[in-house]
Amino acid sequence: LVPSFMENGFIPYEPLIVRPAGAEFVAVEGNRRLAALRSMRDSKDPEEKAAFARHHLDTVPCLVFTGDDRQLLAYLGLRHLSKTKDWSTSAKGAFVERVLKAGHNLSEAARLTNTTTNALRLILLTRRLFERAGTLGLEVPQVGTDGETFFWHLGDAVRRTRTKTYLRLEEDPNPLSQPVVDETRFEHLVTWLYGNSKTKRQRIVQSIRDIPDLDKCLGDDRSISALENGFSLEEAQEELQAAGATIQGHLERARKSVE
């Protein structure tokens with residue numbers, strides 16, 4: 001944000017959203033921009049200091065929000081989750097958690113954010129599993145250019161039936177609580193999706209389009225064994241095809257014996 005402010009100044013049609021707090025105001029929307037402005041104000045870099053003065057960044061436009069907490073949550077939800085001003089999926093999840101912690105249930109959160117409860121549950125489940133990966137010492141990408149794509153690698157995987165069964169995944173009715181999961185198998189899944197710096201294994205899922213193929217493999221014991229022993233996704237699929245051919249052969253022999 002700082003380079004943008006240095007070049008363009010503060011864009012007036014994107015005011016900070018603030019609300020009264022005694023004799024002062026608290027920013028409820030635009031905290032990253034406010035932090036960048038303060039960084040420029042306090043910077044020892046002469047170019048940043050000069051840009052701060054040139055663009056008159058000591059004062060910026062603000063919109064004062066005077067509604068109650070519920071109205072504020074509704075406003076922020078509609079502004080971001082209905083695409084008026086987009087957030088990353090993880091940031092959306094953080095906002096929904098804020099709604100739930102404020103005492104609303106998931107149905108109310110869905111109404112406030114104009115989305116479905118199932119979509120919110122999946123976002124929150126994925127956030128819980130990213131947290132679990134962190135407690136296991138697994139490095140998973142959460143920010144950066146591809147952060148949104150990488151978030152949904154895990155999100156798309158854990159919504160699928162075979163993957164859920166493989167993980168022995170049991171969701172808690174409270175989406176803010178950790179689900180039950182087989183941690184050894186979960187580490188395997190994270191490794192296949194993102195790689196594993198502890199074991200030095202590379203990820204085998206190169207695109208979100210590979211997730212359905214991975215899910216199919218996780219429904220077959222031979223394919224699972226291949227994956228857990230370091231085989232590629234293509235090799236695991238070959239095991240799956242071989243298993244299918246074996247079953248087809250048994251069926252064909254059974255048919256002939258009946259005839």
Side-chain angles (χ1 to χ4, degrees), residues 1-69 71-73 75-99 101-102 113 123-124 126-154 176 190 194-198 200 203:
L1 291 176
V2 170
S4 176
F5 285 145
M6 291 176 67
E7 179 70 23
N8 306 306
F10 192 95
I11 299 174
Y13 56 79
E14 283 286 353
L16 301 180
I17 310 298
V18 301
R19 68 186 312 187
E24 299 181 337
F25 292 89
V26 175
V28 295
E29 168 75 3
N31 281 287
R32 289 177 62 243
R33 286 176 288 156
L34 181 58
L37 291 168
R38 286 174 171 169
S39 172
M40 291 179 68
R41 179 195 64 189
D42 300 332
S43 176
K44 296 181 180 179
D45 185 312
E47 292 187 7
E48 289 187 20
K49 296 286 283 187
F52 187 85
R54 183 172 66 256
H55 292 297
H56 307 290
L57 296 178
D58 52 328
T59 59
V60 294
C62 295
L63 176 64
V64 179
F65 192 93
T66 57
D68 59 24
D69 288 347
Q71 290 171 323
L72 175 62
L73 290 172
Y75 167 75
L76 293 177
L78 288 172
R79 180 172 168 80
H80 289 276
L81 298 186
S82 63
K83 307 296 185 181
T84 302
K85 180 177 173 59
D86 199 20
W87 271 337
S88 70
T89 303
S90 187
K92 293 174 186 177
F95 171 75
V96 172
E97 289 173 10
R98 178 180 171 185
V99 172
K101 290 174 182 177
T113 57
I123 291 172
L124 296 176
T126 306
R127 282 175 58 82
R128 298 290 78 77
L129 291 174
F130 268 103
E131 292 169 356
R132 180 68 65 86
T135 63
L136 295 174
L138 303 173
E139 296 180 4
V140 288
Q142 299 184 55
V143 295
T145 305
D146 295 324
E148 183 81 354
T149 301
F150 281 126
F151 181 91
W152 279 118
H153 279 187
L154 181 57
L176 297 179
V190 171
Y194 304 116
N196 190 321
S197 61
K198 296 193 300 181
K200 308 302 182 185
R203 63 186 176 121

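These numbers come from a predicted model, not from an experiment.
The distance from atom CG of L37 to atom CZ of F5, rounded to the nearest 0.5 Å, is 4.5 Å.
Between F151 and V140, every side-chain heavy-atom pair lies at or beyond the 4.5 Å cut-off. Between V190 and N196, every side-chain heavy-atom pair lies at or beyond the 4.5 Å cut-off. The closest side-chain heavy-atom distance from F95 to I123 is not below 4.5 Å.
Sorted by first then second residue, the side-chain hydrogen bond (donor to acceptor under 3.5 Å, both in side chains) pairs that include residues 34-49, not counting sequence neighbours, are S43-E48.
The two residues E29 and R33 have their closest heavy-atom pair at O-NH2, 4.1 Å. Considering every non-hydrogen atom in both G195 and R203, the closest pair reads N-CB, 3.4 Å. Pairing each heavy atom of V26 with each of A21, the nearest pair is CG2-CB, 3.5 Å. Heavy-atom minimum distance, E97 versus L176: CG-CD2, 3.5 Å. What you find for L136 and K198 is that their closest heavy atoms are O-NZ, 3.2 Å. Smallest separation of non-hydrogen atoms from N31 and V28: ND2-C, 4.2 Å.
Residues passing the salt bridge (charged side-chain N to carboxylate O under 4.0 Å, His left out) test with R19, sequence neighbours excluded: D69. With sequence neighbours excluded, the residues forming a side-chain contact (heavy atoms from CB on, under 4.5 Å) with V64 are V18, P20, F25, T66, listed by chain and number. Residues that satisfy the side-chain contact (heavy atoms from CB on, under 4.5 Å) test with N8, not counting sequence neighbours, are S4. Applying the side-chain contact (heavy atoms from CB on, under 4.5 Å) test to A102 and every residue at least two apart in sequence or in another chain returns L73, H104.
The aromatic rings of Y194 and F150 lie perpendicular to each other, with more than 60° between the two planes, well past the 30° mark.
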Only pairs under 3.5 Å count here: list side-chain donor-acceptor contacts from residues 51-59, not counting sequence neighbours, and write none if there are none.
unit_1, atom_1, unit_2, atom_2, d
R54, NH2, M6, O, 3.3
H55, NE2, M6, O, 3.0

